[in-house]
Amino acid sequence: MRRRAFLSLLASAAAAWSVRARAQEPIRRIAALFGLAENDPETRNRIAAFEEGLEKLGWTSGRNIEIHYRFSGGDGERLRTYAAELVRLKPDVLLAGATTSLAALRQATRDIPTVFAQVTDPVGAGIVVSLTRPGGNITGFTQHEYSIGVKWLELLKEIAPRVRRVAVIYDADNPAAAGYMASITGGELTFPVTLISSAVRDTPEIERAIEAIAAGPDGGIIVLPGPAPAARRDLIIALANRLRIPTVFAFRYWVLSGGLASYGIDNVDLYRRAASYVDRILKGEKPADLPVQHATKFQLVINLKTAKALGLDIPITLLARTDEVIE
């Protein structure tokens with residue numbers, strides 16, 4: 001009896017010590033900036049992937065980390081305001097959701113360790129010194145290269161060969177837009193089209209850009225990555241479909257919302273992977289020593305219901321290459 005009582009007392013003491021140890025574990029602070037709205041399904045998917053990645057590495061909100069999120073809803077001025085607000089919190093590490101968020105955070109700090117999840121050509125943009133040795137306080141995960149721009153033009157022409165005029169709609173606050181435009185412009189020799197670049201920041205500018213391409217014959221649209229268009233994707237998709245304009249996008253979530261076709265990376269996966277770098281920084285590693293990694297998953301997605309509504313017959317050869325067909 002005495003031995004059992006002793007073992008029981010020992011087990012209770014160990015359990016109590018474990019509880020106290022967890023209670024005394026320091027709370028680390030993460031601050032994350034996103035360009036879309038908080039209630040946007042795509043935002044929720046990105047956050048879920050990020051927190052799932054952290055959970056697998058032993059980080060749980062409320063136990064050993066606290067995460068402060070801010071969401072700009074596609075508003076560039078709000079994005080900059082929130083960036084400064086997050087920096088004032090003095091977090092242990094910052095998470096930048098895509099290029100515009102990173103640009104805003106870089107304006108606010110050059111000291112706090114920062115991980116990005118969706119950035120194009122960070123070396124060319126002057127964000128890091130090199131991919132293998134970033135230097136400074138920033139590292140992360142790149143999305144597609146600028147050369148993907150001509151692939152979007154090729155996809156548009158393959159789906160709708162009659163297209164001769166193409167509006168390229170892009171976020172006026174996205175510094176990566178120029179690189180994509182250069183790639184698409186280079187494709188004019190292979191795919192003879194007239195390109196019309198349309199920088200947008202708000203709903204009226206988006207409406208004018210779409211109505212302008214719809215005013216003439218044989219129009220098509222390419223929408224470049226950026227929070228201003230993405231936050232208003234329901235409007236863009238509804239207008240383009242109503243005016244019967246074939247439109248190509250960079251990400252799958254546009255096609256899930258009713259868009260015609262997309263080709264690009266699995267961007268949600270990058271947020272799951274970003275958690276691994278946040279973990280390593282919290283454990284003492286420096287962003288300067290963590291190599292920038294590339295996206296590895298690309299997806300071609302086509303919405304056959306939208307194609308039918310637009311009167312388009314998708315070539316069988318294209319469907320054979322498609323990763324996901326929405327019917």
Side-chain angles (χ1 to χ4, degrees), residues 29-40 42-44 46-47 50 66-129 134-144 146 169-181 199-203 205-206 223-233 250-251 267-268 270-271 274-275 277-278 281 287-288 290 292:
R29 181 177 292 176
I30 301 168
L33 183 61
F34 288 87
L36 300 180
E38 181 175 4
N39 61 354
D40 190 306
E42 177 63 14
T43 301
R44 306 318 301 171
R46 295 175 188 183
I47 289 176
F50 178 61
E66 59 182 29
I67 308 177
H68 299 266
Y69 291 106
R70 296 293 185 275
F71 313 91
S72 76
D75 185 314
E77 187 58 40
R78 190 182 303 156
L79 194 70
R80 289 182 284 274
T81 299
Y82 284 155
E85 184 177 305
L86 289 176
V87 167
R88 285 195 296 271
L89 294 176
K90 297 182 179 179
D92 296 291
V93 61
L94 290 160
L95 173 70
T99 302
T100 53
S101 295
L102 180 59
L105 289 171
R106 284 187 77 215
Q107 287 181 351
T109 181
R110 295 297 175 98
D111 300 316
I112 298 175
T114 302
V115 175
F116 58 78
Q118 271 186 267
V119 169
T120 306
D121 189 18
V123 175
I127 296 167
V128 299
V129 176
N137 67 310
I138 299 174
T139 189
F141 297 80
T142 67
Q143 52 186 9
H144 33 240
Y146 289 133
I169 296 176
Y170 64 92
D171 189 328
D173 291 324
N174 188 355
Y180 292 123
M181 278 301 306
V200 299
R201 286 189 177 88
D202 54 33
T203 295
E205 290 178 342
I206 288 172
V223 180
L224 302 186
R232 299 165 178 85
R233 64 184 177 276
F251 301 113
N267 59 317
V268 171
L270 293 184
Y271 291 86
Y277 269 13
V278 170
I281 291 170
L290 298 174
V292 174

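Within the 4.5 Å cutoff, the side chain of Pro134 has no heavy atoms near those of the Leu290 side chain. Side-chain contact check for Phe71 versus Ile47: some heavy-atom pair is nearer than 4.5 Å. When side chains are defined from C-beta on, Pro229 counts as touching Asp171, because their heavy atoms get closer than 4.5 Å.
Residue Gln118 holds its CD atom at 12.0 Å from CG of Leu102, rounded to the nearest 0.5 Å. Interatomic distance, Tyr69 OH to Ile30 CD1, rounded to the nearest 0.5 Å: 7.5 Å.
Contacts classified as salt bridge (Lys or Arg N to Asp or Glu O under 4.0 Å) and involving residues 110-123 (residues at least two apart or in different chains) are not found.
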Using a 3.5 Å cut-off and no angle test, enumerate the donor-acceptor pairs between side-chain atoms of residues 85-98 and protein atoms at least two apart in sequence or in another chain.
from  : atom 1 : to    : atom 2 : distance (Å)
Glu85 : OE2    : Arg70 : NE     : 2.5
Glu85 : OE2    : Arg70 : NH2    : 2.9
Asp92 : OD2    : Arg29 : N      : 2.7

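The ring-ring contact (aromatic ring centres under 6.0 Å, His included) search around Tyr170 returns none, not counting sequence neighbours. Every residue two or more places apart in sequence or in another chain was checked for a salt bridge (Lys or Arg N to Asp or Glu O under 4.0 Å) with Glu38, and none qualifies. The salt bridge (Lys or Arg N to Asp or Glu O under 4.0 Å) search around Arg106 returns none, not counting sequence neighbours. The salt bridge (Lys or Arg N to Asp or Glu O under 4.0 Å) test applied to Glu42 returns Arg46, not counting sequence neighbours. Judged as a side chain to side chain donor-acceptor pair (under 3.5 Å), and not counting sequence neighbours, the contacts of Glu77 are Arg80. Tyr146 meets the ring-ring contact (aromatic ring centres under 6.0 Å, His included) test with Tyr180; sequence neighbours excluded. Residues satisfying the salt bridge (Lys or Arg N to Asp or Glu O under 4.0 Å) criterion with Asp173, sequence neighbours excluded, are Arg201. Residues meeting the side chain to side chain donor-acceptor pair (under 3.5 Å) test with Asp75, sequence neighbours left out: none. Scored by the ring-ring contact (aromatic ring centres under 6.0 Å, His included) test, Tyr271 finds Phe34 as partners (sequence neighbours excluded). For Pro122, the side-chain contact (heavy atoms from CB on, under 4.5 Å) partners two or more places apart in sequence, or in a different chain, are Phe116, Val119, Ile127, Val128, Leu131, Thr142, Val292.
A donor-acceptor contact shorter than 3.5 Å links the side chain of Ser101 to the backbone of Leu33. The closest donor-acceptor contact from the side chain of Asn174 to the backbone of Pro225 lies under 3.5 Å.
Under the side chain to side chain contact (heavy atoms under 4.5 Å, CB included) rule, Ser72 has a single partner from Leu36, Thr81, Leu79, which is Leu79.
For His144 and Phe251, the distance between ring centers is under 6.0 angstrom.
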